[in-house]
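Comments concern the structure below.
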Amino acid sequence: MRGTGVTRRQVMVAAAAREIRDGEVVFVGMRLPLLGFALARALHAPNAVGLFENGVVRDTPPVAPIITMGDPPNIAGALACTTLLDVMGHLQRGRVDVGFLGGAEVDRFGNLNTTWAQDGERRVRLPGSGGAADIAALSRRTVVIMHHERRRFPERVRYLTSPGYGSGAGWREAAGLARGGPGRVITGLGVFGFDPASREMVLESVHAGVTLDEVRAHTGWPVRVSPVLQTTPEPSREELAGLRRFDPDGMWTG
Amino acid sequence: MPLEEAVSRCVRDGMTVAMGTGLESCIPFAAGHALIRQGRRGLTLVGPVSDILFDMLIGAGCAARVIAAWVGNVGAGTAYNFRRAVEDAIPHPVAVEDHSNLTVALALQAAAMGISYLPTRTALGTDLVRDHPRMREIACPFTGERLLAVGALRPDVTILHVQRCDRHGNAHLWGNLGVSLEAARAAEAVLLTCEEVVDDGVIASDPNRTLVPGFLVRAVAVVPFGSHPSPTQGYLNRDGRFYDEYHAETRTREGFADWLERMVVGAEGHAGYLARLGEDRLAGLRPRESRLAAPVSYGL
């Protein structure tokens with residue numbers, strides 16, 4: 001971190017990559033998760049397969065940098081190009097092990113809001129769900145990647161776009177959701193898991209150089225902390241080499 | 001037929017129009033610009049991810065309603081005309097029917113199959129489905145499980161931009177397909193814009209690639225670069241800079257008005273729009289290398 005030449009975003013991407021196990025089917029997002037998937041494939045998960053909601057199935061990084069999953073370098077060399085219903089069918093069928101998500105707000109139970117924000121007295125309309133509600137509802141587990149700011153970490157989201165654990169234990173089952181829920185929340189300050197009983201977010205590690213007070217100051221509820229709080233592992237030499245290969249100019253992780 | 005004629009033949013005020021069904025590629029921007037130039041009003045816009053095309057149509061006053069999962073700028077995030085319309089009714093109120101990508105796809109697929117709804121397990125428990133005009137929780141008649149029924153959505157017209165088709169509208173398209181196939185089958189009619197019209201034999205040489213059959217198609221217009229600034233695989237790369245420029249220039253209502261006049265209303269059709277972009281810029285967006293698929297044999 002500070003002084004070592006490793007950026008927070010590199011720590012986040014390396015943490016995201018470690019969430020992908022070999023052989024898993026991954027619903028890949030853009031930006032940091034896209035890099036995380038490339039890194040996982042190159043290091044510890046050579047048999048992972050990526051799905052994109054626009055219909056792309058691929059097991060290699062895009063052949064050139066992309067802005068959206070529909071850009072030509074993400075199509076060229078794909079394993080398959082099909083429909084949204086086809087790839088989301090895999091999701092609903094239960095074949096997707098892990099899906100990556102982001103959002104404007106995440107709350108104590110991992111619910112996400114990408115529909116309405118508040119700026120003082122003003123309601124601000126955000127773009128909406130896209131495929132996020134589907135990935136959150138139907139993946140076997142999800143990993144949420146967020147900037148860690150107090151306004152983005154309210155105790156309860158203003159609008160529940162994409163379901164985490166709702167109001168806590170039993171909520172997903174009662175709502176009719178067949179499976180899933182968030183497994184990790186990776187932020188610029190640390191990594192959270194979820195308590196298996198209460199389904200509440202629990203801080204499991206802080207990134208090197210981050211204090212617990214800093215996490216508390218940027219979170220909108222009294223944060224639960226694991227009794228065995230760790231320091232997030234720094235990216236290894238292999239992970240850093242991979243990040244430099246997939247993001248040579250530091251466009252995403254600089 | 002010419003783009004303006006194809007658009008005026010297919011789309012009238014008050015219609016429901018699906019566009020941007022490729023998600024982030026093959027967005028029929030040129031056809032959308034023609035709708036703006038023709039002053040269409042009261043449209044219901046349908047799409048999963050609208051790129052910035054819906055933002056342009058909303059800002060130009062063409063849209064009364066949006067049925068979508070995501071309305072923004074795929075390069076820069078916020079779509080300012082969408083925000084102005086929803087938050088402040090500028091230039092007029094626009095109703096929003098919020099969806100997820102899967103519920104839009106299912107609504108179109110239900111219509112494509114000629115049934116009134118399709119069930120799904122997505123979005124249960126979210127605020128998206130609360131008091132939704134097109135979604136109801138139901139019990140599965142076989143298992144009793146809770147499911148979400150998504151009502152059919154039948155556009156009057158689906159507009160697609162494709163790589164190539166024959167003069168009858170039998171269309172080859174490739175790359176990610178999004179909800180394009182479902183939207184084409186759901187609609188009363190399809191309007192195609194294409195990079196090129198090819199001989200009938202070219203289409204029939206590879207029938208697996210014919211993803212929209214011509215009998216669904218009411219009009220075809222040849223519109224090279226008709227998806228700019230979004231990409232069309234093999235013909236046009238993404239103009240990433242355009243998204244940032246549009247974002248900066250449309251931050252205010254006045255800025256958008258200037259942009260619209262310069263790029264769309266005051267341009268002489270699609271050719272005029274391309275001329276304003278300039279030949280150098282367009283040359284930089286053409287694919288630099290071809291990547292040909294291995295041929296397949298349909299031999300007897």
Side-chain angles (χ1 to χ4, degrees), chain A residues 30 52-56 63 65-78 81-89 91-92 111 113-116 122-138 157-163 166 171-172 174-179, chain B residues 22-26 48-50 68-75 77-79 82-83 85-87 96 98-106 109 120-128 137 145-148 174-182 230-234 236-238 240 243 287 291:
Chain A
M30 291 303 300
F52 295 82
E53 59 197 324
N54 62 356
V56 173
V63 298
I66 57 174
I67 296 170
T68 81
M69 57 184 74
D71 287 5
N74 203 40
I75 310 303
C81 283
T82 174
T83 65
L84 183 146
L85 271 183
D86 189 52
V87 289
M88 287 216 169
L91 192 61
Q92 187 163 263
N111 304 297
N113 170 18
T114 52
T115 306
W116 284 103
R122 193 179 177 80
R123 284 185 94 200
V124 174
R125 174 65 210 213
L126 304 173
S129 161
D134 309 312
I135 295 165
L138 301 170
V157 286
R158 289 165 218 281
Y159 183 101
L160 200 170
T161 313
S162 303
W171 182 89
R172 285 182 75 93
L177 295 170
R179 67 181 79 83
Chain B
L23 264 69
E24 290 148 337
S25 53
C26 293
V49 171
S50 76
W70 195 91
V71 184
N73 177 322
V74 297
T78 296
F82 174 59
R83 276 194 56 188
V86 174
E87 295 170 22
V96 180
D98 268 304
H99 278 263
S100 72
N101 279 344
L102 180 52
T103 63
V104 172
L106 290 168
Q109 176 65 7
T120 176
R121 298 182 190 280
T122 197
L124 289 162
T126 68
D127 288 337
L128 275 177
E137 287 188 10
E145 291 170 288
R146 183 178 299 185
L147 296 171
L148 185 69
W174 57 93
N176 57 284
L177 301 170
V179 302
S180 296
L181 310 192
E182 296 79 12
S230 77
T232 296
Q233 194 78 27
L236 174 67
N237 290 327
R238 178 175 299 282
Y243 290 84
R291 285 173 172 250

Closest heavy-atom contact between B:Asn237 and A:Pro72?
->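 The pair with the smallest heavy-atom distance is OD1-CG, 3.5 Å.
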For residues B:Thr126 and A:Pro163, report the shortest heavy-atom separation together with the two atoms involved.
->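 Between these two residues, the closest heavy atoms are CG2-CD, 3.6 Å.
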Counting only non-hydrogen atoms closer than 4.5 Å, does [X] touch chain B with its backbone (N, CA, C, O), its side chain (CB onward), both, or neither?
| X | answer |
| --- | --- |
| A:Met69 | both |
| A:Ala132 | neither |
| A:Val124 | both |
| A:Thr115 | side chain |
| A:Leu126 | backbone |
| A:Arg122 | side chain |
| A:Ala137 | side chain |

Which one wins on heavy-atom pair count under 4.5 Å against chain B: [options]?
| options | answer |
| --- | --- |
| A:Gly55, A:Gly128, A:Ala175, A:Gly130 | A:Gly130 |
| A:Gly131, A:Ala78, A:Ser162, A:Ala136 | A:Gly131 |
| A:Thr114, A:Val56, A:Ile66, A:Thr82 | A:Thr82 |
| A:Ala133, A:Ser129, A:Gly176 | A:Ser129 |
| A:Ala76, A:Pro73, A:Gly166 | A:Ala76 |

Inter-residue atom distance [X].[atom1] - [Y].[atom2], 0.5 Å rounding:
| X | Y | atom1 | atom2 | result |
| --- | --- | --- | --- | --- |
| A:Leu84 | B:Leu177 | CG | CG | 10.5 Å |
| A:Ile67 | B:Glu24 | CD1 | CD | 10.5 Å |
| A:Asn74 | B:Gln233 | CG | CD | 9.5 Å |
| A:Asp134 | B:His99 | CG | NE2 | 11.5 Å |
| A:Thr68 | B:Leu23 | OG1 | CG | 9.0 Å |
| B:Asn176 | A:Thr83 | CG | OG1 | 10.5 Å |

Heavy atoms, side chains only, cut-off 4.5 Å: are A:Asp71 and B:Pro231 in contact?
->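 When only atoms from C-beta onward are counted, B:Pro231 and A:Asp71 do touch, with a gap below 4.5 Å.
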Does any backbone or side-chain atom of [X] lie under 4.5 Å from a heavy atom of chain A? Answer side chain, backbone, both or neither.
| X | answer |
| --- | --- |
| B:Ala79 | neither |
| B:Leu128 | both |
| B:Val104 | neither |
| B:Thr232 | neither |

A:Arg123 with B:Glu87: basic N within carboxylate O range, under 4.0 Å =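 A salt bridge is absent here (no side-chain N lies under 4.0 Å from a carboxylate O).
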Any salt bridge between B:Asp98 and A:Arg125, counting N to O under 4.0 Å?
-> yes
side-chain contact (heavy atoms from CB on, under 4.5 Å) evaluation trace for A:Arg158 with B:Asp127 | CA-CA 10 Å; A:Arg158 289 165 218 281; B:Asp127 288 337; over 6 Å; no
Which of B:Ser180, B:Gly178, B:Pro48, B:Ser25 touches chain A most, by non-hydrogen pairs under 4.5 Å | B:Gly178
Can you tell which of B:Thr103, B:Val96, B:Leu106, B:Thr120 has the highest number of heavy-atom pairs within less than 4.5 Å of chain A?
->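 Among B:Thr103, B:Val96, B:Leu106, B:Thr120, the one with the most close pairs to chain A is B:Thr120.
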Step by step, would you call A:Leu85 with B:Leu181 a side-chain contact (heavy atoms from CB on, under 4.5 Å)?
-> CA-CA 10 Å; A:Leu85 271 183; B:Leu181 310 192; over 6 Å; no
Listed by chain and number, what are the side-chain contact (heavy atoms from CB on, under 4.5 Å) partners of B:Arg121, not counting sequence neighbours?
-> A:Gln92, A:Leu138, A:Ala178, B:Glu145, B:Leu147
Which residues pass the side-chain contact (heavy atoms from CB on, under 4.5 Å) test with B:Glu137, sequence neighbours left out?
->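 Only B:Leu124, B:Arg146, B:Leu148 meet the side-chain contact (heavy atoms from CB on, under 4.5 Å) criterion with B:Glu137.
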